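Values below: every heavy atom of this structure, side chains too, minus hydrogens, waters and symmetry copies. Quantities reported herein were computed from a predicted structural model and do not represent experimental measurements.
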Amino acid sequence: MTLPLIVLEDLSTARWPPPWDDAAVDAVQAALAELRVTAAPEWAPRIEEEREWLLGGWVAVEEDPRPFLALGLCSPGWLANALPALRRAAEEAPIEGDSLIHLDVRSDNLCLTERGAVLVDWNLVHLANPDLDLAAWAPSLHAEGGPPPDSIAPGAPGLAAALAGFFAARAGLPPPPTAPAVRVVQRAQLEVALPWACRELAIEWDR
């Protein structure tokens, strides 16, 4: 059976990072700055509808810490001491807003062209705080050799804690059949996001 294919733009000659350099990072930041002032379609859902999915990671870890602890990133004692602050900060993360966001900014969803960075794969588009796009991109960017998340989304303790919790609740689980490599990617982002959240919250990191 032949399936139809709609081609909106041929991006085969674009560069798909990594590697990252200052120009590439600047191009993505410029694209996100443009996105935040772009009129949103009427059907775009508000991020509040995804609050539990996005901010509830540390609650899931608290309910069953075994998958997270199996990653060997911290001790049970450290988790018990740090969890209340991480959970509280995540639950208070400022995600609400009226800007159009992509919500899945990472290297496999963007490319670099002569006119700048182009974002693809828009299935998670929402209305939200535009800082969420920057913060959500920051862990994968640093994991791929880019700058630290503090320089991309500075002064964001709630967002850092929320993202760390998102990955902490998932990275230790069995991989889904449809995405066998996703846990490896999530762990790499967790290894960036968790120390970042600890720095933002002045929690002593035990590694």
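How far CG of L35 is from CH2 of W122: 4.5 Å, rounded to the nearest 0.5 Å. Note: F166 CZ to L159 CG = 13.5 Å, rounded to the nearest 0.5 Å. Taken from CZ in R36 to CG in L132, the straight-line distance is 11.0 Å, to the nearest 0.5 Å. Note: D108 CG to D121 CG = 7.5 Å, rounded to the nearest 0.5 Å. In this structure, CD1 in I152 is found 4.5 Å from CD in Q29, a value given to the nearest 0.5 Å. Separating the CD atom in E50 from the CD atom in E48 is a distance of 10.5 Å, to the nearest 0.5 Å.
Using a 4.0 Å cut-off between charged side-chain N and carboxylate O, E34 and R115 make no salt bridge. In summary, E92 and R88 do not engage in a salt bridge, as defined by a charged side-chain N under 4.0 Å from a carboxylate O. Under a 4.0 Å N-O distance rule, the pair R46/E96 does not qualify as a salt bridge.
H142 places no side-chain N or O within 3.5 Å of a backbone atom of Q189 that could act as its donor or acceptor partner. With hydrogens and angles disregarded, no donor-acceptor distance shorter than 3.5 Å links the side chain of W196 to the backbone of A164. Panel note: side chain D133, backbone I101; no donor-acceptor pair is recorded below 3.5 Å. N81 places a side-chain N or O within 3.5 Å of a backbone atom of G77 that can act as its donor or acceptor partner.
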TODO: Evaluate side-chain contact (heavy atoms from CB on, under 4.5 Å) for F167 paired with L194, printing each intermediate quantity in order.
DONE: CA-CA 9 Å; F167 297 124; L194 185 52; over 6 Å; no
- [ ] Could you please spell out the steps behind the side-chain contact (heavy atoms from CB on, under 4.5 Å) verdict for V125 and W43?
- [x] CA-CA 10 Å; V125 63; W43 50 262; 3.4 Å; yes
- [ ] Could you walk me through whether V184 and R187 pass side-chain contact (heavy atoms from CB on, under 4.5 Å), step by step?
- [x] CA-CA 5 Å; V184 175; R187 176 175 179 140; 5.9 Å; no
TODO: I would like to know whether V192 and L141 meet side-chain contact (heavy atoms from CB on, under 4.5 Å); could you show each step before the answer?
DONE: CA-CA 9 Å; V192 175; L141 173 63; over 6 Å; no
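Contact of the P176 side chain with the R183 side chain is registered, since non-hydrogen atoms from C-beta on lie closer than 4.5 Å. Contact annotation: the side chain of V59 approaches that of E91 to within less than 4.5 Å [non-hydrogen atoms, C-beta and beyond]. The shortest distance between side-chain heavy atoms of L79 and W58 falls below 4.5 Å. The closest side-chain heavy-atom distance from L73 to W78 is not below 4.5 Å. No side-chain heavy atom of D104 sits less than 4.5 Å from a side-chain heavy atom of L119. At a threshold of 4.5 Å between non-hydrogen side-chain atoms, the residues L69 and C74 count as touching.
The cluster map of Ile, Leu, Val, Met, Phe, Trp and Tyr, joined by side-chain heavy atoms under 4.5 Å apart, puts L124 and V120 in different clusters. Cluster membership for W53 and L190, using ILVMFWY side-chain heavy atoms within less than 4.5 angstrom, is shared. Tracing side-chain contacts under 4.5 Å through hydrophobic residues (I, L, V, M, F, W, Y), one reaches L100 starting from W137; they form part of the same cluster. V118 and L103 are members of different hydrophobic clusters when ILVMFWY side chains are connected at heavy-atom separations under 4.5 Å. Residues F68 and I203 share a hydrophobic cluster, clusters being chains of Ile/Leu/Val/Met/Phe/Trp/Tyr side chains in contact below 4.5 Å.
P139 approaches A135 most closely through the heavy-atom pair CD-O, 3.0 Å. Residue A162 comes nearest to L55 through the heavy atom pair CB-CD2, 3.5 Å, listed as atom of the first residue, atom of the second, then distance. Nearest approach of W16 to L11, heavy atoms of both residues: NE1-O, 3.6 Å. The minimum heavy-atom distance between P17 and L110, with the atom names listed, is CG-CD1, 3.6 Å. In plain terms, the two heavy atoms of G172 and L71 that are nearest each other are CA-CD2, 3.8 Å. Between A27 and A117, the shortest heavy-atom distance links the atoms O-CB, 3.5 Å.
D22 CG: 12 or fewer foreign heavy atoms inside a 6.0 Å radius.
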